[in-house]
There are 2 protein chains.
Amino acid sequence: MTAHGTPTDQAPHPRPVDADEPWMRGLHADTGYLLYRLGLRSGQLFNAALQESGLRLRHYALLRYLATVEGAPQRDLSERLGYDPSAIVGLVDDLERLHLVERRPAPADRRRRIVVLAEAGRTYLRDTDEASHRVTDELTGPLSEEERETLHALLLRVAQTDRG
Amino acid sequence: MTAHGTPTDQAPHPRPVDADEPWMRGLHADTGYLLYRLGLRSGQLFNAALQESGLRLRHYALLRYLATVEGAPQRDLSERLGYDPSAIVGLVDDLERLHLVERRPAPADRRRRIVVLAEAGRTYLRDTDEASHRVTDELTGPLSEEERETLHALLLRVAQTDRG
DNA sequence: GACCAATCGTTGTCGACGTCAATGGTTGTC
DNA sequence: GACAACCATTGACGTCGACAACGATTGGTC
């Protein structure tokens, strides 16, 4: 077993939160705490859905980013995804082991290693797209279509200025 | 050092996410992933804000719940907050060490230990209320007051059916 | 042309966290 | 009075994020 874990690790069981009680006024009054809570749950759901395919949310995010850029050095992956460079190493290791991704030497800089999406990786993304949507549907279940779009837009704006 | 850590642990540095780029259409298209991301960030901000007072988000959540019920056995804390019973032990240990909380024997059932908010705990909640609001303000910075309320309402509804 | 700071990927470490099994003490039940 | 169920607690294990340190490589500077 490598130090960074394997993509076949099982996802932890989610622990449901009872948020329908009067006491919650004191706890969930904070939007920040709500975000924290739902973020945990979202990660759990994503990992559970991805588990059958042998990957986790972080791998998936990396793959989806790669699908938009056609090759990036690990340094870029670190900055864009917000993961530590050392974390990228393990993720790329896992993905490369599954032949979803490939490390290529950068022609101009031998320090860099360009990570490119392999054909199997592209297929994987196509196949798991439906599962991804299913998770989002489960999360935003109680909301109407219009409300989901509103929520998404608001979260996006919060994320945009979410730096420094 | 105990096995469950101490309330004086330092909070990790947040790693900002660059979400203002075209590639993000492929990644942040998922509301679920957005929630996951913002949840992480929210937790980091909360822990950083609480750090000066020597506690972490989980302690804070426990305190705020206690403020609404006037005493609860640890079993209830576990179910209501969604933490494992073994996690509650450590949290209450920390809070009791700071005299913010008190363990009392349950009169009818000597297995149970009722955790009640001490006077210092109440004072602590009052004092840190402003810091909590500051975090939420920082998170929802780019939103107008009306949008914040919309976001909060939507998140609350998502959280309410967030069970099982 | 040789130092030298900066950069990149990598490894190892540490603390926080979630989960689970096992235990001692206690309760209620048959 | 035996026995299953419950409560708090302890311990073990694995994941995860953040960070320091290192070898290899680069680019700038004298």
Side-chain angles (χ1 to χ4, degrees), chain A residues 1-17 36-37 39-41 43-44 47-48 51 55-59 61 72-79 81-94 96 103-115, chain B residues 1-17 36-37 39-41 43-44 46-48 50-51 55-59 61 72-79 81-94 96 103-115:
Chain A
M1 183 75 67
T2 54
H4 54 268
T6 81
T8 52
D9 294 329
Q10 61 179 1
H13 283 183
R15 184 168 286 272
V17 187
Y36 168 71
R37 267 297 178 191
L40 283 184
R41 176 131 188 93
Q44 289 168 338
N47 281 328
Q51 178 187 8
L55 293 185
R56 331 192 82 255
L57 181 51
R58 317 181 102 216
H59 301 92
Q74 300 185 198
R75 164 89 172 166
D76 282 12
L77 295 176
S78 167
E79 288 176 353
L81 295 174
Y83 300 151
D84 191 86
S86 60
I88 301 291
V89 175
L91 295 177
V92 176
D93 281 353
D94 296 335
E96 202 173 29
R103 264 191 259 241
R104 295 180 186 166
D109 190 337
R110 276 189 296 180
R111 287 172 303 183
R112 297 192 170 192
R113 312 184 67 176
I114 309 292
V115 184
Chain B
M1 189 69 64
T2 54
H4 52 266
T6 80
T8 53
D9 295 328
Q10 61 180 0
H13 282 184
R15 182 169 287 272
V17 187
Y36 169 70
R37 267 295 175 194
L40 282 185
R41 175 136 188 89
Q44 290 167 339
F46 253 107
N47 280 328
L50 260 45
Q51 178 187 6
L55 293 184
R56 331 192 79 257
L57 182 51
R58 318 181 100 217
H59 300 91
Q74 301 184 196
R75 164 92 173 163
D76 283 12
L77 296 177
S78 167
E79 289 175 353
L81 296 175
Y83 301 148
D84 193 86
S86 59
I88 301 291
V89 175
L91 294 178
V92 175
D93 281 352
D94 295 335
E96 202 173 28
R103 265 192 256 241
R104 295 183 185 165
D109 189 340
R110 272 189 300 179
R111 288 173 301 182
R112 298 192 168 190
R113 313 184 66 176
I114 309 293
V115 183

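In what follows, chains are A, B, ... by sequence order, proteins preceding strands, each numbered from 1. Since we're looking at a predicted model, the values are computed, not measured. When reading the values below, keep in mind they use all heavy atoms of this one structure, side chains included, and skip hydrogens, waters and symmetry mates.
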Write down the atom of B:R112, the atom of B:P73, and the distance for their closest heavy-atom approach.
NH1-CG, 3.8 Å
Hey, what do you get for CG (A:D76) to CD1 (A:I88), rounding to the nearest 0.5 Å?
10.0 Å
May I have the distance from A:Y83 (atom OH) to D:dA18 (atom C1'), rounded to whole angstrom?
14 Å
Below 4.0 Å: OP1/OP2 of C:dC17 and any side-chain N or O of B:R56
yes
For atom CG of B:D93 and atom P of D:dA8, their distance in whole Å:
13 Å
Short question: side chain of A:S78, backbone of A:D84 - any donor-acceptor pair under 3.5 Å?
no
Side chain of B:R110, heavy atoms from C-beta onward: which of D:dT10, D:dT25, C:dT27 has the nearest atom to it?
C:dT27
Identify which nucleotide among D:dT25, C:dG9, C:dT26 has an atom closest to any side-chain atom of A:P73, counting heavy atoms from C-beta outward.
C:dG9
Atom-pair distance (CD1 on A:I114; C1' on C:dT7), nearest Å:
14 Å
Among D:dC7, C:dT10, D:dT9, find the nucleotide with the atom closest to the side chain of B:R75.
D:dC7
As a test of reading the structure: which of C:dG9, D:dA8, C:dT11 is closest to the side chain of B:R113, going by heavy atoms?
D:dA8
So do B:L50 and B:R56 actually touch side chain to side chain, heavy atoms under 4.5 Å?
no
Taking side-chain contact (heavy atoms from CB on, under 4.5 Å) as the definition, give me every residue that meets it alongside B:R111, ordered by chain and number, with sequence neighbours left out.
B:D109
Judged by each residue's nearest nucleotide on DNA chain C, which is more toward the 5′ side, A:D109 or B:D109?
A:D109
Tell me the interatomic distance from B:I88, atom CD1, to C:dC17, atom P, rounded to whole angstroms.
12 Å
Nearest to side-chain heavy atoms of A:S86, which nucleotide of D:dT10, D:dC19, C:dC17:
D:dC19
How close or far is atom P of D:dT10 from atom CG of B:L91, stated in whole angstroms?
13 Å
Nucleotide D:dC6, atom C1' - distance to CG of B:D76 in whole Å:
13 Å
Could you give the distance from CG (A:D93) to NE2 (A:H59), rounded to the nearest 0.5 Å?
9.0 Å
What nucleic acid atoms does A:Y36 come within less than 4.0 Å of, heavy atoms only: base, sugar-phosphate, or nothing?
nothing
Protein-nucleotides 1-6 of chain C N/O pairs closer than 3.5 Å?
none

Counting just side-chain N and O atoms, does B:R112 come under 4.0 Å of either OP1 or OP2 of C:dG25?
no
Round to the nearest Å and state the distance from A:D84 atom CG to D:dT15 atom C1'.
15 Å
To the nearest 0.5 Å, what is the distance between CG (A:L40) and CG (B:L40)?
7.5 Å
Below the 4.0 Å mark, does D:dC7 have OP1 or OP2 next to a side-chain nitrogen or oxygen of B:Q74?
no
Would you mind reading off the distance between B:N47 atom CG and C:dG15 atom P, rounded to a whole angstrom?
16 Å
Heavy-atom closest pair (A:L81 atom, A:A61 atom, distance to 0.1 Å) is CD2-O, 3.9 Å
